[in-house]
Amino acid sequence: MIGRVRVRFAPSPTGHLHIGGARTALFNWLFARHYKGAFVLRIEDTDKSRSTDEYIELIIEAMNWLGLDWDEGPYRQTDRFNIYREYAEKLVKDGKAYYCICSPEELEAKRRLAATSNTPIGYDRKCRDLEIRPGIGSTVIRFKMPLEGETVVNDLIKGKVVFENSQLEDFVIIRSDGTPTYNFAVVVDDIDMKISHVIRGDDHLNNTPKQIHIYEAFDTKIPEFAHLPMILGPDKSRLSKRHGATSVLAYKELGYLPEAIINYLARLGWSHGDQEIFTKDELIAYFSIENIGKSAAIFNPDKLLWLNSQYMLKGDSLRLAQLVKPFLKRRGIIYDSDSIDIEWLSKAVELLKGRSKTLDDLANSLNYFFVEDIHIDPRLAKDFFTQEGIKYLSEVSGGLSKIDSFTKDEIAKVFEAIAERNKVKLGAIAQPVRVAITGGTASPGIFELIEVLGKEKVIKRLSKIVESPKIPLPRS
RNA sequence: GGUCCCAUCGUCUAGAGGCCCAGGACGUAGCCCUCUCAAGGCUAAAACACGGGUUCGAAUCCCGUUGGGACCGCCA
C-alpha cells in the first residue's frame, strides 16, 4: 500500500542543527529506514544573506554524530537556481503565474491596509491580469491562486485540514533577483526528487495549501504530508536559544551520548506503549506515523539527563573510555590522550560509569585516578583523619603491602581482618581510606576502587596521610 | 486582528465507548539494600481544562467556552 518511500530532511543553514530540527530529521530517517526507502538531505540555502557554508558543515557534523545517515545529497538549492527558473517560466507560459512590478513600498502599504480592514490578503493581485513582460524594472513572479473553493490537506498526523482558497495569497515564487522563494523551491525540489512523504514541523501546515496548488499547477502527484508537533521550551513558547542549550552539538560538548539524544527525541511526541528505552533497531522496527501525537511537547532536560545516565550505565566501558578522553583533556586532568593506557582507563570507567550522568561528569569523577596530589577538604580531613582513623589507615596500608595478588577479594580480606580485630564496622575503616585515596566521601566500592587504582598509588596516598595527617593539602 | 493546529499527573506519555475511582516514565518524598555515593527494588503525593450534548455507559464521539501554540515577507 505504501509505494517507494522517499523522504527528505531540508534544513536551512542559518544556524546549528537544533533539537527540533534533529527530531524532524530523526523521524524522516526512521520512516525511511522502516520502509526501506531513501532518505535525502537537502540544504535550503536560498536565503544567501543568512546561509553559510560553516553551518552546512556543522549540520552535517551533527547528523553524522547522531548517526542519521542519508542516501542522497546533500543537495544545495543554490546549485539548482536554473531548475526553479525553468519551472517558474513554465508556469508563466501556462498562465498559472505572472510577473509583478509592484514596489516593496507599495506592497508594504497594502499589507498595512489589509491589516486594518479585515482583509485576509495583503497583496491585491494588481498585476495578475496585466500580462507584464519580464525585464521592465524590478519584477517578481507570483503564483496565481484560485480565487474560490477550498483546499484539503489530508495530513497523516493532523487529519483532514480544510483551507479556504480565498484566504490564499498570490505569493511570490521568484524574487526580483531571480532566486526562488521557500514555498516554491520546496515544491519544485520535492517534485524533482520524487519525494513521497513530506514529514516536517507543523509550523509549515499553513504553507501546505499553497504548495498543493503548485503541485497541481504542474499536474504532478501530491505527496503525503505529516506535520510534526513543535517542541516547546518550559515557558511553552517555541524552543529557542534563550531556553539554553538547543543545538545538537552543544549536547555533544556537554558530554551526552548520541543514542541518548536519539532515544529522547524519538519519545518526544512518539510512543510505543510504555517502553522508554529503545535501541536504534527497535526504533526502526516500531516506528510508525500513527503513533505520533498531535500536541506540542515541552523539552525536558531532566529526562534527557536520566536517559543519558542510563546509556552511560549500560555502555561499553572501552567505548566510554575512548569517548571520555577529550573531556579529561578539557578538564586538564590529562594532557596527552595517546599516552594513556586505555585498558586501565576502561577499568576505571567501569567503576564510575554507573555513577556518572554524562561523559563530562565521568571525566570529573575520574580525576583522582590521574592526579597525584589529590585535594582533600580540610573539613573532611578533620572528620576522618582522627587518631583512630589514622590508625586504620596505617593498618590498611600495612595489610595491603603484604598482598601478592592485588585483587578486590584479597583487598576485602585485609579490610575485614582489620575490622574484626578492632571490633568496628567496615565503614569506620572504609571512609577514612576513601577520603585519603580519593579526596572525597563518595566513590565506587572501596575494594574494587583500590584494585583499579593500584597498589603503589594507594599505599603512597595512605602513607602520606599517616606521616603528616595535619597537612593533607596539595602543594598547588 | 485573520487563518490553522492543539488540550490526560509539574513534564513526556498509555488510553482508539465499558478492561480506568485512569497505567508507565522523568522529577519529587519516604523506605529497603549498603563500606560512601550512585545504581537497583518497593511505596507515596500528583492528571482526564470547563460547560453542554450523544449513549444504558465517555478521558475516549459531537458542539461551545477557555487556555496555549503556529502561520500570515521578494525568511525558511
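Chain letters run A, B, ... following the sequence lines, proteins first and then strands; every chain starts at 1. Given the structure is predicted, the values throughout are model-derived calculations rather than measurements.
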Sugar-phosphate or base contact per nucleotide [nucleotides 17-24 of chain B; S, B, -; heavy atom under 4.0 Å]: ------BB
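- Annotation: B:C56 and B:A49 have their P atoms spaced 25 Å apart (nearest Å).
- The pair A:Asp189-A:Arg8 does not count as a salt bridge, with every side-chain nitrogen at least 4.0 angstrom from each carboxylate oxygen.
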Contact letters for nucleotides 32-49 of chain B, in which S counts primed atoms plus P, OP1 and OP2 and B counts the base, heavy atoms under 4.0 Å: ---BBBBSS---------
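- Within a 6.0 Å radius of NZ in A:Lys382, no more than 12 heavy atoms belonging to other residues, nucleotides or ligands are found.
- When rounded to the nearest whole Å, the span between NE2 of A:His227 and P of B:C4 equals 15 Å.
- Nucleotide B:C71 is matched to B:G2 when pairs are restricted to Watson-Crick or G-U wobble geometry with both distances under 3.5 angstrom.
- Nucleotides B:G2 and B:C21, compared at atom P, are 42 Å apart to the nearest Å.
- A distance of about 30 Å separates the C1' atoms of B:A22 and B:A39, rounded to the whole Å.
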Under the criterion ring pair (Phe, Tyr, Trp, His ring centres under 6.0 Å), I'd like the reasoning laid out for A:Phe447 against A:Phe415: C-alpha separation, chi angles, the key distance, then a yes or no. CA-CA 9 Å; A:Phe447 311 138; A:Phe415 276 75; 5.4 Å; yes
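- Here A:Asp360 pairs with A:Arg331 in a salt bridge; the nearest charged N to carboxylate O distance falls below 4.0 Å.
- Across every strand in view, B:U65 sits in a pair with B:A49 that passes the Watson-Crick or G-U test at under 3.5 angstrom.
- What separates CZ of A:Phe171 from P of B:A76 is a distance of 12 Å, to the nearest Å.
- Closest to the A:Val161 side chain, of the nucleotides B:C5, B:A70, B:C12, is B:C5.
- Here the separation of B:A45 from B:G30, taken at their C1' atoms, is 11 Å to the nearest Å.
- Nucleotides B:A59 and B:A44 place their C1' atoms 24 Å apart, quoted to the nearest Å.
- Residue contacts for A:Gly201: at a heavy-atom cut-off of 4.0 Å it reaches no nucleic acid atom on any strand shown.
- In this structure, A:Arg23 is positioned above the aromatic face of A:Phe27, its NZ or CZ under 6.0 Å from the six-membered ring centre and within 45° of the axis.
- The separation of B:A14 from B:C72, taken at their P atoms, amounts to 30 Å, rounded to a whole angstrom.
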Start with the C-alpha gap between A:Asp155 and A:Lys294, add the side-chain angles, then the distance that decides, and say whether salt bridge (Lys or Arg N to Asp or Glu O under 4.0 Å) holds. CA-CA 11 Å; A:Asp155 193 87; A:Lys294 289 180 170 189; over 6 Å; no
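- Backbone-only contact: A:Val162 has heavy atoms under 4.0 Å from sugar-phosphate atoms and none from a base.
- Projected onto RNA chain B by closest heavy-atom contact, A:Arg142 and A:Ile298 fall at different nucleotides, the more 5' of which corresponds to A:Ile298.
- Checking B:A39 for Watson-Crick or G-U wobble geometry (two distances, each under 3.5 Å) identifies no partner in any strand.
- Of the residues near RNA chain B, A:Ser237 and A:Val172, the one whose nearest nucleotide (by heavy atom distance) lies more toward the 5' end is A:Ser237.
- Whole-Å rounding puts the A:Ile101 CD1 to B:C74 C1' distance at 15 Å.
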Start with the C-alpha distance between A:Glu276 and A:Lys303, add both sets of side-chain angles, then the distance that settles salt bridge (Lys or Arg N to Asp or Glu O under 4.0 Å), and finish with yes or no. CA-CA 11 Å; A:Glu276 294 288 349; A:Lys303 190 156 183 180; 3.1 Å; yes
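- Taking atom CD1 of A:Ile261 as the reference point, atom C1' of B:C26 lies 16 Å away to the nearest angstrom.
- More than 12 heavy-atom neighbours from other residues, nucleotides or ligands sit within 6.0 angstrom of NZ on A:Lys457.
- The phosphate of B:C5 has neither OP1 nor OP2 within less than 4.0 Å of any side-chain N or O from A:Lys158.
- Using a 4.0 Å heavy-atom criterion, one finds that A:Asn207 contacts the bases of the nucleic acid, with or without backbone contacts as well.
- A heavy atom closer than 4.0 Å to some atom of RNA chain B occurs in no member of residues 75-84 of chain A.
- Nucleotide B:G17 has no partner under the Watson-Crick or G-U criteria, as no pair reaches both atom distances under 3.5 Å.
- In this structure, B:A58 makes no Watson-Crick or G-U wobble pair, since no nucleotide meets both defining distances under 3.5 angstrom.
- In this structure, A:Arg238 reaches the sugar-phosphate backbone alone: every heavy-atom distance under 4.0 Å involves primed, P, OP1 or OP2 atoms, never a base.
- Ring-centre distance between A:Tyr264 and A:Phe299: below the 6.0 Å cut-off.
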Can A:Glu86 and A:Lys90 be said to form a salt bridge (Lys or Arg N to Asp or Glu O under 4.0 Å), step by step? CA-CA 6 Å; A:Glu86 278 171 30; A:Lys90 181 177 188 306; over 6 Å; no
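- Note: CG (A:Asn263) to C1' (B:A25) measures 11 Å, nearest angstrom.
- Taking atom NE2 on A:His272 and atom C1' on B:C12, their separation rounds to 17 Å, with Å as the unit.
- The residue A:His204 sits close to a base: some heavy atom pair falls under 4.0 Å.
- Annotation: cation-pi pair A:Lys210/A:Phe171 present, NZ/CZ under 6.0 Å from the ring centroid and within 45° of its normal.
- The phosphate of B:A76 has OP1 or OP2 within less than 4.0 Å of a side-chain N or O from A:Thr46.
- Comparing atom distances between the A:Ser271 side chain and each of B:A70, B:A76, B:U13 picks out B:U13 as nearest.
- Here the side chain of A:Asn165 pairs no donor or acceptor atom with the backbone of A:Leu147 at under 3.5 angstrom.
- For A:Glu169 and B:C72, the CD to P distance is 10 Å, given to the nearest whole Å.
- Open room surrounds CD on A:Glu388; 12 or fewer heavy atoms of other groups in view lie less than 6.0 Å from it.
- The residue A:Asn300 sits close to a base: some heavy atom pair falls under 4.0 Å.
- Only the C1' atoms considered, B:C37 is 48 Å distant from B:A76, to the nearest whole Å.
- A salt bridge does not link A:Glu44 with A:Arg200: every distance from a Lys NZ or Arg NE/NH1/NH2 to an Asp or Glu carboxylate oxygen is 4.0 Å or more.
- Here A:Phe163 lies in heavy-atom contact (under 4.0 Å) with sugar-phosphate atoms only.
- In this structure, CG of A:Asn206 is placed 12 Å from P of B:C6, rounded to the nearest angstrom.
- No N or O donor and acceptor, one from the side chain of A:Thr181 and one from the base of B:C74, sit under 3.5 Å apart.
- The base-pairing partner of B:A44, taking Watson-Crick or G-U wobble contacts with both distances under 3.5 Å, is B:U28.
- Separating the C1' atom of B:G40 from that of B:C61 is a span of 44 Å, rounded to the nearest Å.
- Applying the 6.0 Å contact sphere to CZ of A:Arg421 captures more than 12 heavy atoms from other residues, nucleotides or ligands.
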